Structure formats: structure tokens, C-alpha cells
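Accompanying notes for the structure given below.
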There are 4 protein chains.
Amino acid sequence: MTDSVTRPRARGADKRRRLTAAATKVLHEQGVERTTLADIARAADVPVGNVYYYFKTKDELVQAALAEHTAHLDELTAGLDRLPDPRDRLKGLVEAWMGGRDVAARYGCPTGTLAAELDKRADGVLDVEAGRVIRRLLDWAERQFRELGRPDPDRLAVTLVAGYQGMSLLANALRDPEIMTGEGTRLIRWLDTLPAPPSAPRQA
Amino acid sequence: MTDSVTRPRARGADKRRRLTAAATKVLHEQGVERTTLADIARAADVPVGNVYYYFKTKDELVQAALAEHTAHLDELTAGLDRLPDPRDRLKGLVEAWMGGRDVAARYGCPTGTLAAELDKRADGVLDVEAGRVIRRLLDWAERQFRELGRPDPDRLAVTLVAGYQGMSLLANALRDPEIMTGEGTRLIRWLDTLPAPPSAPRQA
Amino acid sequence: MTDSVTRPRARGADKRRRLTAAATKVLHEQGVERTTLADIARAADVPVGNVYYYFKTKDELVQAALAEHTAHLDELTAGLDRLPDPRDRLKGLVEAWMGGRDVAARYGCPTGTLAAELDKRADGVLDVEAGRVIRRLLDWAERQFRELGRPDPDRLAVTLVAGYQGMSLLANALRDPEIMTGEGTRLIRWLDTLPAPPSAPRQA
Amino acid sequence: MTDSVTRPRARGADKRRRLTAAATKVLHEQGVERTTLADIARAADVPVGNVYYYFKTKDELVQAALAEHTAHLDELTAGLDRLPDPRDRLKGLVEAWMGGRDVAARYGCPTGTLAAELDKRADGVLDVEAGRVIRRLLDWAERQFRELGRPDPDRLAVTLVAGYQGMSLLANALRDPEIMTGEGTRLIRWLDTLPAPPSAPRQA
DNA sequence: CATGAATGAGAATTCATTCAT
DNA sequence: TATGAATGAATTCTCATTCAT
């Protein structure tokens with residue numbers, strides 16, 4: 001009974017989800033400019049004309065993809081946050097990056113390449129949005145370094161994330177996943193090396 | 001005086017150079033896909049129809065831009081090669097990167113963003129070309145590290161260049177040139193820290 | 001009444017048909033190379049941009065015109081096939097050709113001129129397709145000659161069709177429809193002259 | 001001595017000849033519309049910009065090709081005219097056609113395809129010119145048939161030439177040189193069969 | 001909401017023709 | 001004359017967005 005009422009709405013939400021997922025994937029693989037709405041519609045198995053009931057413009061789909069990346073990031077960090085040691089959390093992050101080496105070698109870091117492409121735009125709307133996703137990652141990393149008792153957590157966070165972005169770009173440009181492995185290992189070693197002050201109890 | 005003789009040929013070569021320079025600049029600022037031939041023609045002050053006398057396709061202009069980046073790189077490394085100490089050469093490279101912080105913060109690393117965008121293409125032609133430019137930088141850096149007597153020069157080269165690409169991307173995404181300064185400083189410190197074996201005479 | 005239901009789909013199919021018809025006509029009159037998509041769109045009263053909804057490339061429109069010629073041919077031969085005597089069928093074909101004398105004198109044989117133009121292309125795609133249409137006519141004629149009991153039906157079919165193509169080209173080049181009449185009459189006389197063996201019953 | 005004076009002019013005449021020859025060949029192979037001036041210039045090994053000193057427009061080059069075809073035809077018929085028997089002359093013509101079977105199978109009859117293409121034009125200038133070349137061939141054939149004492153020489157000439165055009169087109173469309181051989185043989189047999197009245201002395 | 005169809009504003013590319021030297 | 005270099009009008013094709021049903 002309630003089905004007949006909620007079904008259509010549920011269907012709609014499902015389509016929206018499928019479109020978002022398709023956009024995230026296709027935009028990452030082909031880039032924003034080379035991706036047509038038809039590409040996304042096809043990947044989501046939604047008729048082109050119907051897309052506009054969920055996303056009024058192409059940019060809204062890009063935004064949805066950015067939101068998806070944020071959600072992925074949150075999910076990842078939420079999982080890591082369950083680890084008691086901030087150092088282990090950071091190492092877990094690097095390991096997650098290394099796990100995505102093949103995709104990175106083929107298409108680069110999803111967020112990074114998206115940000116790079118959007119930053120070419122004259123209007124500063126979506127590029128700011130892309131910056132926010134990266135900032136979110138930086139903030140999380142910074143919290144971990146701070147918890148570790150490092151005096152310059154923001155700087156270290158930049159170093160860590162820049163390392164990820166750099167290795168992804170190189171792996172992509174050279175089409176070599178091993179770069180992800182090599183640099184990832186280096187980052188983990190680096191994290192291991194970082195001295196932690198005697199008593200830096202975890203802050204809630 | 002002799003100009004009046006070489007003028008016609010010089011004119012043509014000049015236009016080609018202007019087009020190449022314009023392409024390099026505009027493609028960096030707007031990205032490949034968002035740049036129209038008209039954009040490049042306008043920037044070079046050349047009628048659109050005339051562009052095709054020099055470059056048969058848009059892709060050839062992209063290729064010319066890649067060649068330009070290679071040339072810039074060669075010029076830079078040639079200058080650095082005059083320094084006697086390989087460590088100083090590497091530090092000089094990082095300083096050059098830091099010198100370009102404002103451009104990087106606005107548009108990213110010219111080569112890196114180009115490579116990232118081209119890597120989204122299905123056909124592997126120009127993206128391979130872009131990879132070559134980055135490889136060239138890696139090779140140069142590797143030579144310096146080897147000359148420094150380091151046991152793993154290729155790995156170190158990757159770390160250095162990845163550091164550059166990462167800091168450029170972050171600086172660009174966050175629109176913050178200071179990231180270039182901060183990370184650049186870190187890289188220089190890192191280079192200073194690298195132990196050099198007792199006697200590693202420069203190899204011609 | 002039911003129209004109101006099928007309208008949307010019918011509309012699309014209708015446009016496609018209009019475009020095909022327009023393409024067939026205009027391509028015949030102006031030739032493939034001299035015909036622009038705008039010409040066809042105008043003749044079909046369809047906005048240019050919309051043409052691509054139905055035909056992805058200009059070549060697909062040419063192909064549609066070829067298919068149209070095939071359909072016309074099939075229609076014609078289907079009608080002739082109702083005649084009991086294969087000789088009458090062949091004569092009916094020639095008469096149909098003569099009936100088109102004015103168009104032939106102005107623009108040549110639609111299929112023949114199309115084939116001639118397409119054969120100039122380096123890539124062998126559409127020209128093969130054009131050859132198929134002519135082959136189809138040859139095959140039909142061959143069947144009639146065989147049914148007539150002639151020992152060399154394929155040779156005779158070539159002679160007949162070559163006669164048609166030749167007279168069309170001459171009529172066109174000299175802008176003289178009378179050539180169609182004169183040569184057509186000769187072909188009919190020739191068909192009448194052909195001896196038929198005593199008992200050559202029609203084969204289903 | 002006179003060389004230095006006549007050389008430039010001779011050179012010019014030579015270039016004109018080369019351009020005409022190149023135009024004849026390339027226009028036959030690629031068709032008028034698909035042939036660019038650059039194509040012809042390249043084939044003639046003449047700089048593009050220089051073409052215009054010899055031919056003010058592309059159409060003039062087409063006209064030159066038509067004139068070339070006329071010249072070829074005249075040369076051919078002049079040779080045949082040395083034969084005492086008009087029937088042999090006609091048979092010689094057919095044999096010449098058969099000799100060109102491979103070219104015909106690939107590109108069609110040079111004059112015929114040119115005429116067919118030019119006839120698609122709205123303006124009636126070059127197409128009339130093309131008609132003239134064919135008319136010239138018809139006239140020559142007609143003279144032979146008349147000399148043979150046939151009562152309807154014009155009709156027979158049309159049949160002969162139409163036979164040639166038809167077999168060329170079929171050979172071309174089906175890419176089969178054997179059609180030229182088969183139909184050529186038929187034409188020769190046909191010419192042999194034509195009864196000649198008792199006393200038809202050759203007319204100067 | 002759903003959907004096929006429409007629309008029009010570009011974009012890349014081609015090429016005959018002209019020009020400056 | 002000779003020639004590389006313009007030039008601009010045309011042409012094919014793409015696509016985000018909108019519309020009618």
C-alpha cells in the first residue's frame with residue numbers, strides 16, 4: 001500500500017543516485033569537458049531527457065560528483081577514526097591510496113584531476129567547491145598530526161596530501177601503478193619516522 | 001638590413017612562434033578542451049583561418065605547446081647544469097619552481113595539468129607525449145641524484161617531482177601560493193639533508 | 001483517432017522519411033559533394049541541427065538515399081514480377097526507364113551517377129554499397145533472362161543495364177531526353193528479337 | 001643564346017602542360033569536387049600560389065582537362081582514320097576502349113564521369129563543354145557509320161557510345177574490368193554483323 | 001515525472017582565391 | 001613571373017538545454 005506511494009519517489013531517488021554514481025565515474029574517467037550528458041545518462045541507464053528532472057545543468061552533475069567524493073572521503077576517514085592511534089590512521093589513509101593504484105595510474109586521483117580541470121575555469125564556483133573537498137582531507141590529516149603532538153600539523157598535512165596528489169599525477173602520466181606503491185611506501189616510512197612527543201593523549 | 005631579405009621567411013617563423021607561445025599560455029590557463037582555436041588565434045593576433053597554415057589541427061597546437069614546455073625545461077636545466085654541485089642544481093630547480101608560485105597557484109603546473117587533461121583521452125597519442133616531458137624532468141633529476149652518489153636516484157627523482165606536482169596541485173586547488181613556498185622550502189631542506197658519500201666527483 | 005496516440009512516434013518517423021526523400025532528391029540533382037546538409041535540411045523543412053538526430057553523418061544520409069533507391073527498384077521489379085512473361089517484365093523495365101527520360105536528361109540515372117561519384121572516393125564503403133544497388137538490378141534482370149531460357153543470362157543482364165546507364169549518361173550530357181526514347185526503343189526491339197527456346201516454363 | 005630568352009617562356013609553357021596533365025589525371029581519379037587545387041599543384045610539382053598565373057580559377061583547370069580529353073580523342077581518331085575501312089576504324093575504337101579497361105574499372109570513363117559530375121551544376125557552362133567532347137566522339141562515330149552506308153548513322157553512333165559509357169560505368173561500379181572485355185567483345189561482334197551496302201566508297 | 005525530439009549556438013576544419021614581396 | 005603566406009566564407013558536426021506530449 002504505502003509502496004504505491006513511496007515507490008515513485010523511491011524510484012526517483014534511485015535514479016538520482018544512479019546518475020550521481022555514473023557522473024562520478026564517467027567524469028573521473030573522461031574529464032568534465034569530454035563528458036557529455038548523454039555519456040552520463042547512458043552510464044546511468046537513464047533517458048537523456050529525463051536527466052533534467054534531477055539535475056538542471058551539467059554543472060549540477062559535476063557538483064554531485066564532488067559531493068560524492070566528499071562522501072567517499074568521509075566514509076574512509078570515519079573508518080580510520082576508529083583506530084586508536086592517529087599515526088595508524090594516517091598510515092591507513094596512505095594504504096587506502098595505495099589500494100587505488102591501478103585506477104590512479106589510469107585516471108589519476110578523482111578529486112585531484114577534477115580540481116585541476118575545474119580550476120581552469122574563469123568563473124570561480126565549482127573550482128572553489130573542488131578546493132573544499134581537498135581542504136576537507138587536509139583538515140582531517142591536520143587533526144591527526146595535531147593529535148600526534150606535532151608542532152606544525154597543517155604543514156605536515158599539506159606535505160602528506162601533496163605527496164598523494166604528486167604520486168597520483170606521476171603514476172597517471174607515466175601509466176605506472178608502481179609509482180603509487182613506491183611513494184606510498186615512502187610516505188608510510190616517513191609517518192613511522194615522525195617522532196611523537198611523550199604524552200599526547202588522544203583528544204576526543 | 002639583412003632583415004629586409006629574411007623578412008618573409010622570418011615573418012612566417014615569427015607567426016609560428018607567436019602561435020606556439022599563445023597556445024602554450026592559453027592552453028595552460030584555460031585547459032585544452034575549453035580553449036578554442038579562436039582563443040589562440042586572438043592571443044597570437046592571427047586570423048583563425050591562417051592558423052591552419054601553420055598547424056593542421058588543434059592537436060598539433062597542443063603538441064607545439066608540449067614541445068615548448070620541453071624547451072623551457074631544457075633551458076632551465078641547461079642553466080642549472082652550469083652549477084658545479086648537483087645538490088645546488090637540484091636546489092636551483094626547486095627555487096625555480098618556487099619562483100613560479102603565483103602562476104602555479106592560479107593555473108597549476110603547466111606540464112602537470114596538461115598531462116592530467118590529456119590522460120583522460122581514450123586515444124593514447126598526446127598523453128604519451130605529455131608523459132615524455134615529465135619523464136625528461138625525472139631523468140634529469142635522476143642524473144643529479146646519481147651524481148650525488150645516492151643509491152636510489154630514480155626513486156629520489158620521483159619523490160622530488162611528485163613533490164612539485166603535488167604542491168602545485170594543492171596551491172592551485174586552494175589558490176594559495178604560500179603552499180609553493182612552504183613545500184618548496186621543505187624540499188630544499190630535504191635536499192640539504194641528503195647525505196653525500198665522501199668522494200663523488202662530478203661526472204662529465 | 002489512433003493517430004493522436006501514434007503521433008509522437010509517427011512524427012519522428014515522418015521526419016526521417018522526409019529527410020530521406022529530400023536527400024534522395026537533392027543528392028541526385030546536385031551530387032553528393034555539392035550538396036550541403038543545409039540543402040537537404042531546407043528541402044525537408046527541418047532545422048539543420050535536428051538532422052543529426054536522425055542521421056549522425058552526411059554519409060548516413062547518402063546511405064539512406066542508396067537504400068531509397070534500392071526500395072524504389074524493389075517496388076518496380078515487384079510490380080513487373082506480376083507479369084507472366086519474363087520478356088514482358090524486361091520490356092516493362094525498359095519502359096519504366098523511358099518514362100523517366102526527362103529526369104535522366106537533366107540529372108542522369110540516380111543510381112548510376114551516385115555510384116560514379118562515390119567511386120571516386122578513396123575509402124571503399126559507400127561505393128561498395130552503391131555497387132550493390134546496381135548488382136541487385138543486374139540480378140533481377142539475369143533472373144528474367146534465365147527464365148526466358150537464354151544460355152548467357154548474366155551477360156545479357158549486363159548488356160541491358162549497361163544500355164540503360166549509357167543512354168542515361170548520354171541523354172544527360174547532351175541534355176536530350178530523346179536519346180532515352182530512341183535507345184529505349186532499340187532495347188525493346190532487341191528484347192523482342194531474342195529467341196526463346198520452345199518450352200521454358202516459368203520457374204517459381 | 002636564344003635559350004636564355006625562350007627558356008622562361010618555354011618553362012612557363014611546360015608548367016602549363018604539367019598542370020594540365022596533372023589536372024586531367026587527378027580530376028579523373030578523385031572527381032572535380034574532391035580535388036583541391038593543392039592536389040593538382042602537388043601532382044604537377046608546381047607551387048600552389050603559382051597555379052594562378054596559368055589558370056585563374058579552378059574551373060579553368062577543369063576546362064583544360066576537358067580540352068585534354070578532346071585532344072586525346074582527336075589523336076585517337078586521327079590514328080584510326082588511317083585505316084581504310086570504317087568498320088575497322090570503329091572496331092579499333094572499341095579495342096582502344098577495351099585497352100583502358102583497368103582504368104575504367106577503377107575510375108570510370110574520364111569524359112563520362114566528368115560530364116556526369118559537371119551536369120550536376122546549376123550553372124550551365126562547363127557541363128555544356130563536357131557535352132561537346134562527347135558530341136565530338138558521337139560525330140566521329142556517326143561519320144564512320146555513314147561511310148559504312150548505314151541509313152541511321154546518328155542512331156548507331158549513340159548506341160555505340162552509350163554502350164561504351166554503360167560498360168564503363170558498370171565496370172567501375174562493380175570494380176570489374178572483365179565487364180569491359182565482355183561488352184567490348186559484344187560491340188565488336190555487333191559491328192561485324194552490321195551489313196554494309198554493296199558500294200559505299202570512302203568519302204574523303 | 002518521463003521521454004523522444006528539437007534547437008541553436010558554437011567549434012574545428014577546408015579551401016578557393018588573393019596578396020605582398 | 002614566382003611563391004609562401006594570408007583570408008574569410010562555408011561546411012560538417014557536437015551538445016547543452018528545452019519542449020511537447
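Residue numbers start from 1 in every chain, and the chains themselves are labelled A, B, ... in the order their sequence lines are given, proteins ahead of strands. All figures in this text were calculated on a predicted structure; none of them were measured in a lab.
Pairing analysis of DNA chain E (Watson-Crick: purine N1 to pyrimidine N3 plus N6-O4 or O6-N4; G-U wobble: N1-O2 and O6-N3; both under 3.5 Å) yields stems of 3 or more pairs at E:2-21 with F:2-21.
Side-chain N/O atoms of C:Tyr53 and base N/O atoms of E:dA6 include no donor-acceptor pair closer than 3.5 Å.
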Practice problem: Between protein and nucleotides 8-15 of chain E, map the contacts as a letter string: B base, S sugar-phosphate only, - none, heavy atoms under 4.0 Å, written 5' to 3'. | Solution: B--SSBBB
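Following rounding to the nearest Å, A:Ile40 (CD1) and F:dT17 (P) show an atom-to-atom distance of 11 Å. Atom P of nucleotide E:dC1 and atom CG of A:Asp14 are separated by 12 Å, given to the nearest angstrom. Residue C:Arg42 contributes atom CZ, which lies 16 Å from atom P of E:dT7 at whole-angstrom precision. Atom C1' of nucleotide F:dT11 and atom CD of C:Gln30 are separated by 14 Å, given to the nearest angstrom. Taking atom CZ of D:Phe55 as the reference point, atom C1' of F:dA2 lies 16 Å away to the nearest angstrom.
Residues forming a salt bridge (charged side-chain N to carboxylate O under 4.0 Å, His left out) with A:Glu129 (at least two apart in sequence, or on another chain): A:Arg132.
No donor-acceptor distance shorter than 3.5 angstrom exists from the side chain of C:Glu117 to the backbone of C:Gly31, with no hydrogens or angles considered. Between the side chain of B:Arg106 and the backbone N or O of A:Asp119, at least one donor-acceptor pair lies under 3.5 Å. A distance-only check finds no donor-acceptor pair linking the side chain of D:Lys120 to the backbone of C:Thr35 [under 3.5 Å]. A:His28 places no side-chain N or O within donor-acceptor distance of the main-chain N or O of A:Leu114, the cut-off being under 3.5 Å.
The side chain of D:Lys15 approaches F:dA2 more closely than any other nucleotide in the set E:dT7, F:dA2, E:dT3.
B:Ile40 is not listed as a side-chain neighbour of B:Val51, based on a closest heavy-atom distance of 4.5 Å or more. Within the 4.5 Å cutoff, side-chain heavy atoms of C:Glu60 are placed close to those of C:Thr57. Between D:Arg121 and D:Asp127 the shortest side-chain heavy-atom distance does not fall below 4.5 Å.
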